*Asks:* 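To start, I am sharing the structure in question, which I have written as structure tokens.
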Amino acid sequence: MEKKLAEYKCDTNEAICMKLVRFPEDVEDDSTTFHPEFSHQVYGDDEVAFGYKGLQIQLFYTAGNLSTLFKVKYSSKVTETFDCVEPDDIEGKIREIIPAGFTCNSDDFISLLEKEANFQPFGTLLHTYTVHSEDAGELTYQIHKVDVNCAGFHDYHKRLQTFLMWFIETASFIDADDDRWDFFLVFEKYNKDGETLYATVGYMTVYNYYVYPDKTRPRVSQMLILPPFQGEGHGAQLLEAVHRFYCSLPKVQDITAEDPSESYVKLRDYVLVKLCQGLPSFTADKLPLGFSADMAKEAQDKLKINKKHARRVYEILRLRATDMSDEDKAREYRLEVKKRLFGPYRKNQREMAKMKKCLRPEELLSHVDQMDTQTQHEELEKSYQVVVEDYRRIIERIATHA
């Protein structure tokens with residue numbers, strides 16, 4: 001019985017089929033389909049749906065306005081064979097996250113494509129750039145800044161943010177009515193039957209926090225480049241454009257990010273190094289002298305980069321300027337980076353000194369292993385190697401795009 005029921009289990013990451021549709025023929029073209037990275041926020045930690053064979057959950061969006069087709073298809077249902085077994089409510093769980101106004105009819109969805117010619121990017125144009133494609137030649141992209149009061153944007157954003165559930169592991173929807181939110185969107189310009197149309201590429205949300213007495217601290221909350229456009233450099237273009245926008249505002253203290261992922265930190269490092277490498281305090285002759293107050297101040301004043309991020313930029317630029325085959329120079333660089341990495345271990349040592357004063361011997365023993373000096377050195381060296389490897393990738397990327 002258990003074996004037979006297992007046949008009705010489906011991996012929801014595979015079952016969910018997504019598309020960004022430009023042309024009617026895209027609907028039946030499997031090459032335009034992409035799948036979620038995550039579905040646990042909708043279908044539970046196992047990311048499994050029970051009760052269906054050949055399950056396919058279609059979530060198709062028109063490329064620009066993101067008008068939505070939602071359909072559930074399957075070859076058989078468990079109730080056809082087993083009367084007393086209930087299948088999962090597949091449709092109900094999706095309906096909880098996609099806003100009203102979607103269609104379940106493919107023909108109606110295809111007719112919506114005709115309205116795409118009326119779709120125009122929201123907000124104010126910040127930046128235009130091109131990307132070379134082997135298939136399509138030079139493609140043009142635009143980055144726009146939008147505020148919550150922009151006509152039509154509220155409903156569009158409700159459709160756009162549904163992608164977060166499938167591609168950011170711990171995503172949550174935001175209260176877009178709060179006027180302290182800024183939105184930045186990326187669009188691709190493309191031609192269809194002689195007309196210029198726009199496709200949604202990705203977006204970023206930024207919340208403006210108050211800093212006493214008269215400053216703001218923009219904090220990046222969410223950032224997503226949609227899967228068909230990933231790996232083409234749009235994330236870096238977006239982050240750089242957003243950074244330059246806030247740098248132009250006198251009231252901005254610095255720019256931060258909320259609980260950034262590893263991939264975001266690497267992207268930020270790349271963008272900030274690009275921005276800082278031309279600053280006078282970061283010139284190659286000054287890098288061997290160590291991280292200076294001038295570096296921190298110039299990065300803060302000119303580029304709204306806080307001291308912690310400026311320090312990472314300095315380490316990357318110094319690595320680029322250091323001959324690592326020279327043992328003395330390599331040792332100086334290694335010690336400089338490890339000095340920063342040692343911070344958490346030094347904190348542990350201070351905590352250990354406090355513990356020695358107030359814990360009984362048997363209690364102390366349980367903490368000693370965690371803070372063993374030899375282990376600390378090994379972990380420090382491991383951390384250093386990981387950091388340097390990440391830095392080298394950033395240096396290679398900058399050289400490639402120079």
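All values derive from a computational prediction rather than experimental measurement. Both backbone and side-chain heavy atoms feed into the values below; hydrogens, waters and symmetry mates do not.
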*Asks:* Does K53 make a cation-pi contact with Y8, if we ask for NZ or CZ under 6.0 Å from the ring centre and within 45° of the axis?
*Replies:* yes
*Asks:* Mind jotting down which residue pairs meet the ring-ring contact (aromatic ring centres under 6.0 Å, His included) criterion with at least one end in residues 297-338? Sequence neighbours excluded, please.
*Replies:* F291-Y314
*Asks:* Any pair with a residue in residues 235-271 that passes ring-ring contact (aromatic ring centres under 6.0 Å, His included), sequence neighbours left out, goes on the list, sorted by first then second residue, please.
*Replies:* F184-F245, F184-Y246
*Asks:* Mind checking what makes side-chain hydrogen bond (donor to acceptor under 3.5 Å, both in side chains) contact with Q253, not counting sequence neighbours?
*Replies:* none
*Asks:* Counting N and O atoms only, with roles assigned by atom type, does the side chain of K192 sit under 3.5 Å from a partner on the main chain of L197, one being a donor and the other an acceptor?
*Replies:* no
*Asks:* Could you report the tightest heavy-atom contact between L319 and Y391, atom names first, then the distance?
*Replies:* CD2-CB, 3.7 Å
*Asks:* Could you pull out the closest heavy-atom pair between F119 and G64, with the gap in Å?
*Replies:* CZ-O, 3.5 Å
*Asks:* Would you sort out whether K189 and T196 count as a side chain to side chain donor-acceptor pair (under 3.5 Å), showing the intermediate values?
*Replies:* CA-CA 7 Å; K189 290 175 74 172; T196 298; 5.7 Å; no
*Asks:* Out of curiosity, L341 CG to E379 CD, how far, rounded to the nearest 0.5 Å?
*Replies:* 11.5 Å
*Asks:* Less than 4.0 angstrom from a charged side-chain N to a carboxylate O is my criterion; do E378 and K382 meet it?
*Replies:* no
*Asks:* For the backbone of D26 and the side chain of T32, can you confirm whether one donor and one acceptor N or O come within less than 3.5 Å of each other?
*Replies:* yes
*Asks:* Is the shortest side-chain heavy-atom distance between V148 and D177 below 4.5 Å?
*Replies:* no
*Asks:* Is a donor on one side and an acceptor on the other found under 3.5 Å between the side chain of E195 and the backbone of A117?
*Replies:* no
*Asks:* Pairs in or reaching into residues 11-35: which pass ring-ring contact (aromatic ring centres under 6.0 Å, His included), with residues at least two apart or in two chains?
*Replies:* none
*Asks:* Quick one, R311 with E336, criterion salt bridge (charged side-chain N to carboxylate O under 4.0 Å, His left out). Give me CA distance, side-chain angles, the key distance, then yes/no.
*Replies:* CA-CA 11 Å; R311 167 77 197 207; E336 182 73 1; 3.7 Å; yes
*Asks:* Tell me, with the steps shown, if T162 and Y61 meet side chain to side chain donor-acceptor pair (under 3.5 Å).
*Replies:* CA-CA 11 Å; T162 60; Y61 297 81; 3.1 Å; yes
*Asks:* Would Y209 and T256 count as a side chain to side chain donor-acceptor pair (under 3.5 Å) here? Give the steps.
*Replies:* CA-CA 10 Å; Y209 283 88; T256 62; over 6 Å; no
*Asks:* Mind telling me whether F187 and Y198 have parallel, tilted or perpendicular rings, with 30° and 60° as the class edges?
*Replies:* perpendicular
*Asks:* Less than 4.5 Å apart, side chain to side chain, heavy atoms only: is that true for I94 and I57?
*Replies:* yes
*Asks:* Taking all non-hydrogen atoms of both residues, which atom of G123 and which atom of C150 are closest, and how far apart?
*Replies:* N-SG, 3.8 Å
*Asks:* How close do E188 and V201 get, heavy atom to heavy atom, and via which atoms?
*Replies:* N-CG2, 3.6 Å
*Asks:* Has E47 got a side-chain atom pairing as donor or acceptor with H40's backbone, closer than 3.5 angstrom?
*Replies:* yes
*Asks:* Is there a side-chain contact between Q277 and R320, using heavy atoms and a 4.5 Å cut-off?
*Replies:* yes
*Asks:* Strictly by modelled atom types, are S31 and D29 linked by a side-chain donor-acceptor pair under 3.5 Å?
*Replies:* yes
*Asks:* Pick one: which of T68, T62, N65 meets side chain to side chain donor-acceptor pair (under 3.5 Å) with R159?
*Replies:* N65
*Asks:* Anything under 3.5 Å between a donor and an acceptor, one on a side chain of residues 392-401, the other on a protein residue two or more places apart or in another chain? List them.
*Replies:*
residue : atom : partner : partner atom : Å
R393    : NH1  : D390    : OD1          : 3.1
T400    : OG1  : E396    : O            : 2.7
H401    : ND1  : R397    : O            : 2.9

*Asks:* Can you confirm whether more than 12 heavy atoms, excluding those of K93, are under 6.0 Å from its NZ atom?
*Replies:* no
*Asks:* Q142: what forms a side-chain hydrogen bond (donor to acceptor under 3.5 Å, both in side chains) with it, not counting sequence neighbours?
*Replies:* H144
*Asks:* If you compare all heavy atoms of P218 against all heavy atoms of V252, which two are closest, and at what distance to 0.1 Å?
*Replies:* CD-CG1, 3.6 Å
*Asks:* Between the side chains of N149 and D179, does any donor sit under 3.5 Å from an acceptor?
*Replies:* no
*Asks:* Looking at F153, is its backbone amide N or carbonyl O close enough to the side chain of K158 to form a donor-acceptor pair, meaning the two atoms are under 3.5 Å apart?
*Replies:* no
*Asks:* Atom CZ in F183, atom NE2 in H157: separation rounded to 0.5 Å?
*Replies:* 4.5 Å
*Asks:* Could you tell me which non-hydrogen atom of C104 sits nearest to which non-hydrogen atom of R95, and how far apart they are?
*Replies:* SG-NH2, 4.4 Å
